[in-house]
Amino acid sequence: MDQAEQRRLGSADLAAVLRREIAVGGIQPGDRLPPGRDLADRFAVARGTVREALARLAREGLVETRAGSGTYVIAAPLAATNPAIENARPLELIDARFALEPHVCRLAVLHARRADFEAAEGLLARMEASVHDPAAFAEADRAFHILLAETTGNGLICWMVTEISSVRQQEQWARMLRVTLEPETIRAYNAQHREIFEAIRSREPERAATQMKEHLETARLSLTRAAAT
């Protein structure tokens, strides 16, 4: 990761990086994370960004902070062992998201804070810089939608959105992404993400919900066309 990209990291980005390191075993349960100042230096972010990222991981039950000792990994991200997750088809994922995410946008309008907007801006910038990098786009896209759920402050909604999003880790989803995420499609998704973000920042709940519905309808159409080929 180059310095320019590091400077765009928000708390959601940093949480995603650390979450991935935990998932692949780079950081094991029981390990102590580097001090906040070291993480801030490593990723070229503010100390507040580090604190918020660690708070996100703590809410997920992945880390805990022990007074006078530091922050420790206490669990690895759960593998997708639920049959509903393992066997879900891409279109089922879209339908589940359609049932939940428009209302997530309404709640985000009520609860999103400045730090959430800054994190969203960072993810939008990453997606817009990844028009020709589908894998990088997909990672930032997933983080963006999870961030919207996190802004609600509702732990159950966060859990549901994270579980639903884990379908993206399945091989059939990866195959579909390779087919559908062409530059033109990514540009369309980026424009829709911007519309969703601006509606939330403008505190317009129904506009935000409508923009999310339109975004998911676009994704559904793209997947339907890909499945028919």
Side-chain angles (χ1 to χ4, degrees), residues 9-20 22-23 49 51-63 75 77-80 82 84-85 88 90 92-127 137-170 173 189-190 192-220:
L9 287 177
S11 60
D13 302 283
L14 181 55
V17 171
L18 295 174
R19 191 184 297 113
R20 185 168 59 250
I22 295 170
T49 300
R51 287 193 294 271
E52 178 61 25
L54 295 179
R56 291 174 187 274
L57 296 180
R59 289 194 294 270
E60 295 174 17
L62 299 182
V63 304
L78 293 176
N82 187 316
I85 297 296
E92 289 181 316
L93 169 65
I94 295 297
D95 287 341
R97 292 177 61 193
F98 200 96
L100 185 60
E101 291 193 50
H103 191 58
V104 165
C105 289
R106 296 186 185 99
L107 294 176
V109 166
L110 295 175
H111 300 292
R113 303 167 298 166
R114 177 178 296 179
D116 297 315
F117 293 136
E118 291 174 352
E121 282 278 17
L123 289 168
L124 288 169
R126 285 180 58 195
M127 286 186 282
F137 169 81
E139 181 178 341
D141 176 40
R142 180 172 183 269
F144 176 76
H145 286 274
I146 289 176
L147 171 64
L148 294 184
E150 290 175 341
T151 66
T152 69
N154 186 312
L156 184 57
I157 286 177
C158 291
W159 176 79
M160 287 190 290
V161 169
T162 300
E163 284 292 292
I164 290 170
S165 293
S166 70
V167 173
R168 297 193 193 198
Q169 298 172 0
Q170 304 305 313
W173 179 261
Y189 288 164
N190 283 337
Q192 291 172 334
H193 287 144
R194 278 283 172 189
E195 290 289 343
I196 293 166
F197 172 72
E198 292 300 338
I200 293 172
R201 185 162 61 177
S202 299
R203 306 297 183 182
E204 300 178 68
E206 292 311 312
R207 177 186 161 207
T210 297
Q211 294 294 341
M212 178 60 79
K213 290 176 184 178
E214 291 181 2
H215 173 52
L216 294 174
E217 285 287 7
T218 301
R220 189 205 302 270

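Index from 1, following the sequence.
Taking SG of Cys105 as the reference point, atom CD of Glu206 lies at 10.5 Å (rounded to 0.5 Å). Put simply, CD on Gln211 and CD1 on Ile196 are 7.0 Å apart, with the number rounded to the nearest 0.5 Å. Interatomic distance, CG of Asp116 versus CG of Leu148, reported as 9.0 Å (0.5 Å rounding). Interatomic distance, CZ of Arg51 versus CG of Leu14, reported as 12.5 Å (0.5 Å rounding). In this structure, Leu93 CG and Ser165 OG are separated by 7.0 Å, a value rounded to the nearest 0.5 Å.
Here the closest non-hydrogen pair linking Thr162 and Arg142 is O-NH2, 4.0 Å. In terms of heavy atoms, Pro205 sits closest to Arg106 at O-CG, 3.8 Å. The shortest heavy-atom contact between Leu147 and Ala120 is CD2-N, 3.4 Å. When all heavy atoms of Leu57 and Ala15 are compared, the closest pair comes out as CD2-O, 3.8 Å. Of all non-hydrogen atoms in Ala209 and Pro102, the two that sit nearest each other are CB-O, 3.5 Å. Heavy atoms only, all atoms of each residue included: His111 and Thr151 are closest at CB-O, 3.1 Å.
The shortest side-chain heavy-atom distance between Leu124 and Asn190 does not fall under the 4.5 Å cut-off. Two residues are said to be in side-chain contact when any heavy atoms from C-beta on lie closer than 4.5 Å; Phe117 and Ile200 meet this criterion. A heavy-atom distance below 4.5 Å is not found between the side chains of Arg220 and Arg97. Using a 4.5 Å heavy-atom threshold, the side chains of Arg113 and Glu52 count as touching. The closest side-chain heavy-atom distance from Phe98 to Glu217 is below 4.5 Å.
A donor-acceptor pair under 3.5 Å is formed between the side chain of Thr152 and the backbone N or O of Asn154.
Residues Arg207 and Glu214 are not paired through a salt bridge, judged by the lack of any N-O separation under 4.0 Å between the basic side chain and the carboxylate. Note on Arg194 versus Glu121: salt bridge recorded, some NZ/NE/NH1/NH2 to OD/OE distance being below 4.0 Å.
In this structure, a donor-acceptor pair under 3.5 Å is present between the side chains of Gln192 and Thr218.
Taking the six-membered ring for Trp and thresholds of 30 and 60 degrees, His145 and His215 have nearly parallel ring planes, at less than 30 degrees apart. Relative orientation of the Tyr189 and Phe137 rings is parallel, given thresholds of 30° and 60° on the angle between their planes.
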